[in-house]
Q: 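The following block contains the structure, expressed as structure tokens.
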Amino acid sequence: LAKTTQPISMDSYEGQEVNITCSHNNIATNDYITWYQQFPSQGPRFIIQGYKTKVTNEVASLFIPADRKSSTLSLPRVSLSDTAVYYCLVGEENYGGSQGNLIFGKGTKLSVKP
Amino acid sequence: EAGVAQSPRYKIIEKRQSVAFWCNPISGHATLYWYQQILGQGPKLLIQFQNNGVVDDSQLPKDRFSAERLKGVDSTLKIQPAKLEDSAVYLCASSSRAGGTKNIQYFGAGTRLSVL
């Protein structure tokens with residue numbers, strides 16, 4: 001069973017801010033939240049990772065409330081090239097053993113229109 | 001820095017035939033993953049290596065799938081014999097613990113397998 005729940009699809013227009021929320025009610029203390037982006041015919045690409053509060057990099061922001069049961073990926077001023085599938089993953093930082101609980105769900109298909 | 005290399009990019013075989021995929025991870029990455037991605041679904045982890053040892057193969061159909069990572073670098077994934085339901089994209093990824101990256105995975109472009 002996937003540990004996360006995301007909307008199946010979202011539509012937006014160029015220049016808008018897009019927020020994709022992921023629910024992970026059973027997140028464990030050692031779990032990190034990681035978002036990946038996947039274009040057709042390519043492998044997923046890392047976007048951002050966080051544990052709590054807010055993380056920002058050059059392409060996105062990640063907002064995580066205090067209870068960590070959800071997270072929101074924020075893409076500022078999207079363009080047509082941001083049309084892709086976005087995956088939210090929750091998994092352990094386990095340096096010695098299995099990461100078998102890093103599970104990709106179906107992701108959120110974002111369509112950006114002109 | 002070179003990314004994860006996979007070959008071939010495409011493969012078409014008939015059911016009951018054998019097929020092998022190759023992956024070369026990013027230099028220095030100790031952890032290597034093979035995923036299966038069926039059209040319209042997210043990637044499903046098949047097997048995870050730490051150096052040349054298997055740390056998770058719980059979702060690998062071991063009656064027909066096998067994988068190895070000799071010398072802890074390159075890896076091959078084999079299917080023998082293939083079934084129609086094995087048609088999918090096979091993704092290889094690698095990760096490193098260095099720099100506090102929390103095992104962020106870097107993916108190759110994948111091999112698209114069609115079983116007829």
Side-chain angles (χ1 to χ4, degrees), chain A residues 1-9 20 22 27-52 55 57 59-60 62 64 84-110, chain B residues 1 3-7 9-10 21 23-26 29-51 53-60 88-113:
Chain A
L1 290 177
K3 294 177 62 176
T4 60
T5 303
Q6 303 174 232
I8 295 297
S9 64
I20 305 174
C22 178
I27 190 167
T29 302
N30 293 333
D31 284 347
Y32 278 76
I33 301 157
T34 309
W35 285 80
Y36 289 86
Q37 174 192 56
Q38 187 175 27
F39 298 113
S41 301
Q42 295 186 25
R45 184 180 74 168
F46 170 79
I47 301 176
I48 198 166
Q49 184 180 73
Y51 183 81
K52 61 181 179 181
V55 180
N57 62 23
V59 297
L62 179 59
I64 305 168
V85 178
Y86 292 82
Y87 295 98
C88 164
L89 274 71
V90 171
E92 293 181 12
E93 177 193 24
N94 187 339
Y95 288 135
S98 172
Q99 286 186 142
N101 57 343
L102 279 175
I103 300 172
F104 285 81
K106 290 189 175 182
T108 298
K109 185 173 183 179
L110 173 65
Chain B
E1 179 182 77
V4 175
Q6 289 189 247
S7 67
R9 286 285 280 127
Y10 305 93
F21 313 124
C23 173
N24 182 245
I26 292 173
H29 281 196
T31 311
L32 185 146
Y33 316 77
W34 282 103
Y35 288 85
Q36 178 193 60
Q37 186 171 26
I38 293 172
L39 187 65
Q41 299 183 19
K44 171 188 166 184
L45 180 68
L46 294 176
I47 189 167
Q48 175 189 346
F49 292 93
Q50 183 74 15
N51 296 308
V54 175
V55 295
D56 187 347
D57 63 356
S58 56
Q59 297 192 89
L60 186 73
V89 175
Y90 291 85
L91 295 163
C92 178
S94 67
S95 69
S96 168
R97 291 157 35 186
T101 57
K102 306 297 186 291
N103 287 312
I104 293 168
Q105 298 179 63
Y106 296 85
F107 286 80
T111 296
R112 182 176 298 276
L113 174 67

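The chains referred to below are lettered A, B, ... by the order of the sequence lines, with proteins before strands, and numbering in each begins at 1.
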Q: Which region of A/Y36, side chain (C-beta onward) or backbone (N, CA, C, O), has a non-hydrogen atom less than 4.5 Å from a non-hydrogen atom of chain B, or is it both or neither?
A: side chain
Q: Please report the shortest heavy-atom distance between B/R112 and A/S41, naming the atom on each side.
A: NH2-OG, 4.2 Å
Q: What distance separates B/I104 CD1 from A/I48 CD1, expressed to the nearest 0.5 Å?
A: 10.0 Å
Q: For B/Q37, which atoms come within 4.5 Å of any heavy atom of chain A: side chain, backbone, both, or neither?
A: side chain
Q: Are the side chains of B/Q105 and A/P44 in contact, using a 4.5 Å heavy-atom criterion?
A: no
Q: So, taking the atom named CZ in A/R45 and the one named OH in B/Y106, what distance separates them when rounded to the nearest 0.5 Å?
A: 11.5 Å
Q: Where do A/F46 and B/F107 land on the ring-ring contact (aromatic ring centres under 6.0 Å, His included) test, with the steps shown first?
A: CA-CA 9 Å; A/F46 170 79; B/F107 286 80; over 10 Å; no
Q: Would you give the length of the straight line joining atom CG of B/L91 to atom CD of A/Q42, rounded to the nearest 0.5 angstrom?
A: 11.0 Å
Q: List the residues meeting ring-ring contact (aromatic ring centres under 6.0 Å, His included) with A/F39, not counting sequence neighbours, and say none if there are none.
A: none
